[in-house]
Amino acid sequence: MTKRVLIAGCGDVGLRVAQRLMARGERVLGLRRHVPQAAGVPMLAADLSDVDSLRALPDDIDQVVYLPTPGAREPAAYRAVFVDGLGHLLDALSAQRVRRWVWVSSSAVYGDHAGGWVDETTPTAPPGFNGQVLLEGERLLAERLGQRAVVLRLAGLYGPGRAGLIERIAQGRAKAVREPAHWANRMHVDDAAAAIVHLLDLADPHALYLGVDDTPLPIDVLYARIAQCLGVAVPAEGPAPAGVGSKRLSNARLRASGFVPRWPDAREGYAAQIKAMRATAG
């Protein structure tokens with residue numbers, strides 16, 4: 001049966017989700033504060049902080065994907081979308097029987113684990129305000145929707161349109177800690193979109209999944225591979241990224257549900273991205 005899926009915060013990842021759903025015949029509605037021209041996806045201009053703007057939502061929403069982007073990297077902006085905005089949308093859809101709500105969260109809810117493995121059973125200890133607010137939103141959603149809510153905590157995304165790290169390494173501005181090893185966790189943006197669609201389809205999902213590829217890597221190993229693909233010097237040694245913590249994220253639960261990433265190792269994913277960038281540049 002064809003579903004109506006609302007993508008609240010239909011930016012880069014949301015558009016990729018929408019395109020996958022529309023390709024198989026689902027009805028999709030994207031929600032954004034400002035609707036871009038030629039988005040290619042049916043859109044509603046609405047603001048999660050403005051209750052009145054949400055009154056234009058249709059009354060036949062079956063599923064929701066929630067992945068808005070804060071207006072700024074500060075606590076108030078995060079709370080406005082991940083707690084207050086979430087509550088507003090839950091209220092706006094309260095009269096409807098939304099059967100599945102996928103909340104896109106972040107591995108930022110975990111603290112440092114000294115390179116140890118982290119999975120869905122690992123206690124949360126967010127070191128920064130971003131993880132703290134996201135965790136509050138996760139709990140609000142669980143309280144309101146119970147088993148209809150599924151949380152996907154994504155690792156660092158890379159892929160088309162996300163070339164910041166590649167540019168820093170190309171320009172010699174990136175640093176990489178070597179001892180002790182600091183572990184990096186990545187997921188290709190297209191795999192993230194595919195995982196979201198996968199969770200919408202699962203008949204009996206868990207309440208929580210980690211969205212990450214198969215291969216955590218020491219950050220210096222990952223950076224060295226990117227430098228090799230670019231043909232530039234390996235990044236100099238420097239401090240570990242602040243506020244991230246060293247840990248190895250496990251995707252065993254997501255894998256066990258039947259999901260198979262196209263890019264299981266970020267070294268090959270970045271290599272393909274660099275190749276595509278060069279082809280586009282001519």
Side-chain angles (χ1 to χ4, degrees), residues 9 13 66-70 72-87 101-147 149-158 165 175-187 191-192 195-196 199 205-223 238-257 259 266:
V13 180
Y66 197 82
L67 64 172
T69 302
R73 191 171 177 80
E74 59 184 25
Y78 268 66
R79 178 168 293 278
V81 294
F82 291 124
V83 179
D84 300 336
L86 174 63
W101 190 306
V102 175
W103 162 279
V104 181
S105 186
S106 168
S107 59
V109 301
Y110 299 107
D112 182 77
H113 288 268
W117 282 98
V118 168
D119 64 16
E120 291 82 359
T121 67
T122 303
T124 55
F129 74 85
N130 54 332
Q132 294 166 8
V133 175
L134 284 165
L135 194 58
E136 186 176 348
E138 288 184 18
R139 290 167 176 163
L140 172 61
L141 187 66
E143 290 170 1
R144 294 284 296 269
L145 293 186
Q147 294 181 344
V150 179
V151 172
L152 177 65
R153 291 175 179 164
L154 290 177
L157 297 183
Y158 72 98
L165 175 59
K175 308 291 183 184
V177 62
R178 291 181 172 81
E179 293 293 341
H182 185 94
W183 292 84
N185 301 272
R186 295 289 189 272
M187 192 176 207
D191 281 336
I196 292 167
L199 294 180
H206 287 277
L208 173 63
Y209 294 86
L210 284 178
V212 65
D213 67 20
D214 294 354
T215 318
L217 295 163
I219 199 168
D220 62 313
V221 172
L222 175 60
Y223 285 18
V244 177
S246 179
K247 51 190 171 284
R248 285 177 280 178
L249 300 177
S250 169
N251 69 356
R253 178 178 288 182
L254 186 61
R255 274 284 202 169
S257 74
F259 178 75

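Because the structure is a prediction, the values reported are computed rather than measured. In what follows, every heavy atom counts, from backbone to side chain, and hydrogens, waters and symmetry copies are set aside.
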### Task
List in chain and number order the residues that pass salt bridge (charged side-chain N to carboxylate O under 4.0 Å, His left out) with Arg255, two or more places apart in sequence or in another chain; answer none if no residue qualifies.
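With sequence neighbours excluded, Arg255 shows a salt bridge (charged side-chain N to carboxylate O under 4.0 Å, His left out) to Asp214, given in chain and number order.
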Identify, with sequence neighbours excluded, every residue that meets side chain to side chain contact (heavy atoms under 4.5 Å, CB included) alongside [X].
X	result
Glu120	Leu208, Tyr209, Leu210, Arg253
Ala142	none
Ala256	none
Ala195	Leu152, Met187, Leu254, Phe259

#### Entry: Selection residues 104-116 - residue pairs positive for salt bridge (Lys or Arg N to Asp or Glu O under 4.0 Å), sequence neighbours left out
none
#### Entry: Pairs involving residues 126-135, ordered by first then second residue, that meet salt bridge (Lys or Arg N to Asp or Glu O under 4.0 Å) (sequence neighbours left out)
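Listed by first then second residue: nothing to list.
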By ring pair (Phe, Tyr, Trp, His ring centres under 6.0 Å), which residues pair with [X], not counting sequence neighbours?
X	result
His113	none
Phe82	Tyr78, Trp103
Tyr223	none

### Query
In terms of heavy-atom contacts, does CD of Glu74 have more than 12 from other residues, nucleotides or ligands at under 6.0 Å?
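Atom CD in Glu74 is packed in, count exceeds 12.
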## Note on the structure
By side-chain hydrogen bond (donor to acceptor under 3.5 Å, both in side chains), Ser257 pairs with (sequence neighbours left out) His198
Table please: side-chain donor-acceptor pairs of residues 126-139 below 3.5 Å, with sequence neighbours left out.
| residue | atom | partner | partner atom | Å |
| --- | --- | --- | --- | --- |
| Glu136 | OE1 | Arg79 | NH1 | 3.4 |
| Glu136 | OE1 | Arg79 | NH2 | 2.6 |
| Glu136 | OE2 | Arg79 | NH1 | 3.0 |
| Glu138 | OE1 | Arg153 | NE | 3.3 |
| Glu138 | OE1 | Arg153 | NH2 | 2.7 |
| Glu138 | OE2 | Ser105 | OG | 2.6 |
| Glu138 | OE2 | Arg153 | NE | 3.0 |

### Message
side-chain hydrogen bond (donor to acceptor under 3.5 Å, both in side chains), that's the test. Do Asp213 and Thr215 meet it? Break it down for me.
### Response
CA-CA 6 Å; Asp213 67 20; Thr215 318; 4.7 Å; no
#### Entry: His182 to Ala240 - nearest heavy-atom pair and separation
ND1-CB, 3.4 Å
